[in-house]
Amino acid sequence: MSKRYYNHKRQRDEDGDAPGRTRHPPGLKGKDIGLFYARRSQARKQRKETLGTVCLSDSKEKEIRRLFYGKSLENLNLTDGNSYTHIEDSIFKRSYLSSIRGNITEKLCEAPIDMLRVPHLDEQLKNEFDKKCKDSKYISMFKFREKLPSYSMREALLKVIEENQVVVISGETGCGKTTQVAQFILDDYLMKGKGSMCKIICTQPRRISAISVAERVADERAEKLGVSVGYQIRLEKKLPRDHGSIVYCTTGVVLKQMESDPALSQVSHIIIDEIHERSVPSDFLITLLREIIKRRTDLKVILMSATLNSEAFSKYYNNCPHLNIPGFTFPVEEYFLEDVLQMTKFKFNQIGPQNGNRFYWKKKQDNKDPAHIEFKEYIVPYARQLKSEGQYDVQVCEQLKDIDSEKINLDLIFDLVVHICESRKEDGALLVFLTGYAEISNLYKKLETSKKFPTSKYVIFPLHSQMSTVDQRQIFLPAPTGKRKIIISTNIAETSVTIDDVVFVIDCGKIKMTHFDVDSNTEKLEPLWVSVANADQRRGRAGRVKPGVCFHMYSRARHMIIEKYQKPEIIRVRLDSTILQAKILQLGKIEEFFPKLMDPPDSKAIQLSLDLLQRLNALDDNENLTPLGYHLAKLPVAPQVGKMILFGAIFSCLNPVLAIAASLDFKDAFQIPLGKEKQADMKKREISDGLNSDHWLLYKALETYETEGNTQRFCYEYFLSSFTLSQLKKMKDQFMTYLMDLNFVSSLNPRDPPLNRNSRNASLIKAVICAGLFPNVAVLRLDQRGRARTIRSIDGEQRYKFHPGSVLSGYNTCVFESPLIVYYKKLKSSSDFIHDATMVHPLPIIFFGDQFSHKLTPDGHCISISKFLTFKTTEGTYRVIKELRDRMNWFLEHKITHPGFVNWNEPSNEMNVLTAIMELITSEDLGDIDNEDDDDDDCY
DNA sequence: GAGCACTGC
């Protein structure tokens with residue numbers, strides 16, 4: 001194909017109609033010159049509008065027709081030789097219809113409430129508990145518990161929970177609310193002989209905290225996990241007894257459970273912890289619970305938050321009672337930028353009026369950027385005031401007036417680290433918060449090469465979710481005697497990772513966050529100012545074992561004007577999955593439910609997601625779940641990923657598709673080892689088979705891991721995270737249980753041969769990826785050698801680049817046979833990037849794309865998809881495509897509404913149809929793909 | 001030529 005492309009190109013050059021030459025041919029005069037350019041621009045316009053010619057060969061067309069029409073498609077009905085039966089069909093029908101009819105209120109009224117008292121159990125639980133209270137281990141743990149601040153509030157807490165349906169409890173880290181509140185309730189029930197009536201769920205935002213809190217609580221109760229305390233997170237659980245128990249689980253788990261049991265019929269108390277973090281699941285859950293408690297009047301809801309914004313939650317729940325538990329942490333001295341400059345005598349590499357760069361200086365002063373205006377309005381006057389007060393050096397005050405003083409300066413941070421290490425002799429680790437990979441890497445190198453941090457006296461760790469640190473455990477262990485531990489971290493150390501012996505914290509003042517920009521319909525990853533809540537959290541990391549010190553790399557004036565809280569996640573992200581979840585919960589019209597949220601998302605963001613879901617055929621025009629939407633809502637993945645999974649099952653290439661789906665929905669397993677970035681990149685490309693597909697690479701990585709004998713060596717050699725890979729493997733297994741429930745497969749083994757008949761067919765797998773990810777399509781403009789010069793997504797005018805982490809990036813490797821790619825994630829950061837991509841040929845796009853249309857132009861027949869993707873074709877091919885597309889869509893619709901698996905071993909109508917579709921969408925050898933580039937820059 | 005962090009019976 002690529003060979004043909006080159007010939008085609010050369011031909012054009014010889015014709016003299018070469019694209020992109022700015023000069024007309026010699027010998028033309030006057031009007032002819034004008035005509036030459038007019039004609040050329042016309043031709044260019046035409047070329048720009050079409051992406052190539054699609055033309056099936058006669059033999060191909062015949063073969064496809066034979067397969068399609070071997071038997072009449074209309075005969076394909078429920079009694080055809082397939083494994084699905086009438087009963088299974090009606091099960092689907094019933095659950096589907098019940099899921100689109102009615103609403104949550106009715107569903108709640110129908111739900112059986114299962115909180116019945118079991119007297120003999122009450123007695124048994126009471127006796128067990130009485131006995132436990134005499135246990136020596138329990139008593140010694142109890143002595144510790146008594147000292148926690150929350151213990152003194154025990155009676156008050158129980159009383160307020162007893163008397164109210166909803167309560168907000170606030171308290172800082174160290175007050176013991178997470179471990180104690182649930183136990184107070186449980187113990188009270190057990191003692192009063194009502195144990196069978198008590199089943200407490202306590203949600204945690206993170207998997208690790210769910211497990212570690214459960215372990216801690218079991219320990220305090222002198223028990224093993226699984227008796228009165230347990231946990232449940234995705235892919236892992238250790239459940240306690242049914243009655244008289246506490247389960248710690250992630251918020252997502254409860255939400256998923258509520259899809260089938262919205263009344264939480266087995267639960268007496270639900271505690272939502274860390275609601276101040278404002279994650280999507282916790283925001284969604286507290287809104288949902290407001291509806292639930294109307295029916296479940298016996299259900300107790302306890303909201304737990306940090307003190308900072310707890311009032312807002314009480315207000316949200318109709319001014320419900322609010323109880324604060326005083327916390328206990330060690331005091332932390334706080335310093336700001338002015339103090340740091342004073343201590344270190346640091347001088348910025350300043351460009352001022354005094355050293356000759358007057359032009360640049362003036363430009364900087366006159367900047368009309370809102371950030372500059374804000375700086376001049378608040379920070380500069382503060383610096384002036386400081387100067388007049390005379391407490392700080394004049395030099396310090398002058399430097400604060402430069403807006404560059406608010407940029408992250410690694411030299412300054414380096415000097416501060418030196419200053420801390422030289423002036424503070426006491427033990428204790430130093431934790432530096434930076435925003436991302438590059439900064440961590442740079443500071444790490446700076447420290448390592450400076451000679452001021454010899455390995456005999458210091459141990460330095462970078463900490464980033466994608467860096468494989470030699471031995472993770474060492475980060476948590478106290479440093480060897482006589483050595484100081486320095487950790488350079490992202491915000492992962494803010495909440496997700498806790499290092500106990502930290503005494504010094506440097507807070508760079510910035511945090512990277514994704515933010516969904518509704519106007520450009522893209523996500524952005526930007527470093528922003530931290531909120532006061534983040535700053536407090538970072539500061540708190542210094543006071544866990546003894547008094548600490550925190551240095552904020554911004555002035556007190558800046559501290560006064562930064563936001564108090566981070567924006568809730570729900571107004572920063574795409575809402576596709578959340579909307580689907582609201583639909584399966586039968587919460588009614590989205591425009592009616594979403595405004596009930598504490599911070600409702602922009603209606604534009606809602607509309608964008610509704611549009612996408614309708615385009616995916618998950619919702620109909622009335623916003624009801626379609627049969628496809630019903631399946632997608634049941635699968636615990638993003639809708640496009642779910643669609644890919646269903647197509648993988650239908651086309652019998654499930655194992656590879658599940659691997660890709662798991663990786664896209666969770667994360668890829670590739671690590672970026674500090675100092676070996678290039679090497680890791682090479683290894684990654686090594687296993688990609690040169691197929692111009694990151695998705696294929698994801699499959700290859702997991703597949704090799706699953707089939708390789710020595711997984712450890714494989715992971716080490718290819719810089720892969722074996723933990724991530726093992727999670728991905730478990731996710732595949734989990735998808736199988738869902739597919740089994742939905743009746744798309746007959747086995748729980750993702751590698752079952754009948755489900756993988758076509759798993760070696762890379763073209764088909766790419767077509768299935770396309771079927772799932774559409775409309776995430778981008779069009780490449782290629783240079784003369786077939787390399788991507790510009791990339792434009794079909795959803796807007798914006799141009800993109802392949803992210804350097806993609807195997808499609810790189811100026812020296814990729815030659816594209818087709819100008820079409822499908823992608824899953826695009827993100828604006830330092831540039832506009834498409835993170836993962838698969839090159840696809842036109843036919844999968846033509847068959848799985850929407851808005852199919854046909855036009856007869858003077859040049860011949862044209863077909864287009866989504867208005868923008870136009871291909872030239874012949875009349876014959878157009879007719880075949882049109883006919884087959886209609887039939888294929890009808891057939892796929894039939895498969896979705898009649899879930900069942902295909903027996904590929906016996907010839908059947910259905911198999912013929914599938915084979916025909918396969919033949920068609922994997923036909924790569926079509927006409928020429930016209931993807932040449934004009935030399936001028938105005939293309940697109 | 002670059003990668004905040006979470007999460008789903």
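Naming convention: chains lettered A, B, ... in sequence-line order (proteins, then strands); numbering from 1 in each chain.
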*Which nucleotide in the list B:dG1, B:dG3, B:dC9 gets nearest to the side chain of A:Ser260?*
B:dC9
*asked:* Starting the side chain at C-beta, find the nucleotide from B:dG3, B:dA2, B:dG8 nearest to A:Pro804.
replied: B:dA2
*asked:* Measuring to OP1 and OP2 of B:dC6, would you say a side-chain N or O of A:Thr250 lies under 4.0 angstrom away?
replied: no
_Pair A:Asp681 + A:Lys678, salt bridge at N-O below 4.0 Å_ = no
*Which nucleotide sits closest to the side chain of A:Gln232: B:dC9, B:dT7, B:dC6?*
B:dC9
_Minimum-distance pair of heavy atoms, taken over all atoms of A:Leu698 and A:Leu664_ = CD1-CD2, 3.9 Å
*Which nucleotide, B:dT7, B:dC9, B:dA5, lies nearest any side-chain atom of A:Arg206?*
B:dT7
_A:Met731 side chain reached by A:Leu235 side chain, heavy atoms, under 4.5 Å_ = yes
*Stem ranges for DNA chain B, with three or more consecutive Watson-Crick or G-U pairs under 3.5 Å?*
none
*When you get a sec, tell me which of B:dA5, B:dC9, B:dG3 is the closest nucleotide to the side chain of A:Ser496?*
B:dA5
*Nearest-Å distance, NE2 (A:His464) to P (B:dC6)?*
10 Å
*So, is A:Ser809 near the phosphate of B:dG1, with a side-chain N or O under 4.0 Å from OP1 or OP2?*
no
*Parallel, tilted or perpendicular, as decided by the 30° and 60° cut-offs, for the rings of A:Phe92 and A:Tyr96*: parallel
*With a 4.0 Å cut-off, would you call A:Lys700 and A:Glu686 a salt bridge?*
no
*Taking atom types as they are modelled, is there a donor-acceptor pair under 3.5 Å from the base of B:dC4 to the side chain of A:Thr514?*
yes
*Looking across every strand, which nucleic acid part, if any, lies under 4.0 Å from A:Val280 by heavy atom: base, sugar-phosphate, or nothing?*
nothing
*Give, ordered by number, those residues of residues 729-742 of chain A having at least one heavy-atom distance below 4.0 Å to an atom of DNA chain B; if nothing qualifies, reply none.*
A:Gln734, A:Tyr738
_Residue of the set A:Ile506, A:Ile487, A:Leu410, A:Asp507 for which side chain to side chain contact (heavy atoms under 4.5 Å, CB included) holds with A:Val432_ = A:Ile506
_I want to verify a distance call: between B:dA5, B:dA2, B:dG8, whose nearest atom is closest to the A:His803 side chain?_
B:dA2
*Can you figure out which of B:dG3, B:dC9, B:dC4 approaches the side chain of A:Glu677 most closely?*
B:dG3
_Base of B:dC4 paired with side chain of A:Thr435 (donor-acceptor, under 3.5 Å)_ = no
_Mind checking if A:Ser279 touches a base, just sugar-phosphate, or nothing, with heavy atoms under 4.0 Å?_
nothing
*Among B:dA5, B:dC9, B:dG1, which nucleotide sits nearest the side chain of A:Asp681?*
B:dG1
*So, is A:Ser831 near the phosphate of B:dG1, with a side-chain N or O under 4.0 Å from OP1 or OP2?*
no
*asked:* Applying a 4.0 Å non-hydrogen cut-off, can you work out what A:Pro281 is touching in the nucleic acid: base, sugar-phosphate, or nothing?
replied: nothing
*What nucleotide, of B:dG8, B:dC4, B:dA2, holds the atom closest to the side chain of A:Asp665?*
B:dG8
_Check this for me: does any side-chain nitrogen of one of A:Asp283 and A:Arg278 sit under 4.0 Å from a carboxylate oxygen of the other?_
yes
*Could you state the CD-P distance from A:Glu439 to B:dA5, rounded to the nearest angstrom?*
12 Å
*asked:* Tell me the interatomic distance from A:Leu827, atom CG, to B:dC4, atom P, rounded to whole angstroms.
replied: 10 Å
*Take atom CD1 of A:Ile492 and atom P of B:dG3, then tell me their distance rounded to the nearest Å.*
17 Å
*Closest contact, heavy atoms only, A:Ile570 versus A:Asp599*: CG2-O, 3.5 Å
*Measure from the side chain of A:Lys237, starting at C-beta and using heavy atoms only, and say which of B:dG1, B:dC9, B:dG3 lies closest.*
B:dC9
*Check ion pair A:Lys828-A:Glu523 (N to O, under 4.0 angstrom)*: no
*Quick one: ring pair (Phe, Tyr, Trp, His ring centres under 6.0 Å) partners of A:Tyr437, sequence neighbours excluded?*
A:His464
*asked:* Using a 4.0 Å heavy-atom cut-off, does A:Thr495 contact any base of the nucleic acid, only the sugar-phosphate backbone, or nothing at all?
replied: nothing
*Base, sugar-phosphate, or nothing for A:Ile511, non-hydrogen atoms under 4.0 angstrom?*
nothing
*Under 3.5 Å, side chain of A:Arg241 to main-chain N/O of A:His243, donor-acceptor pair present?*
yes
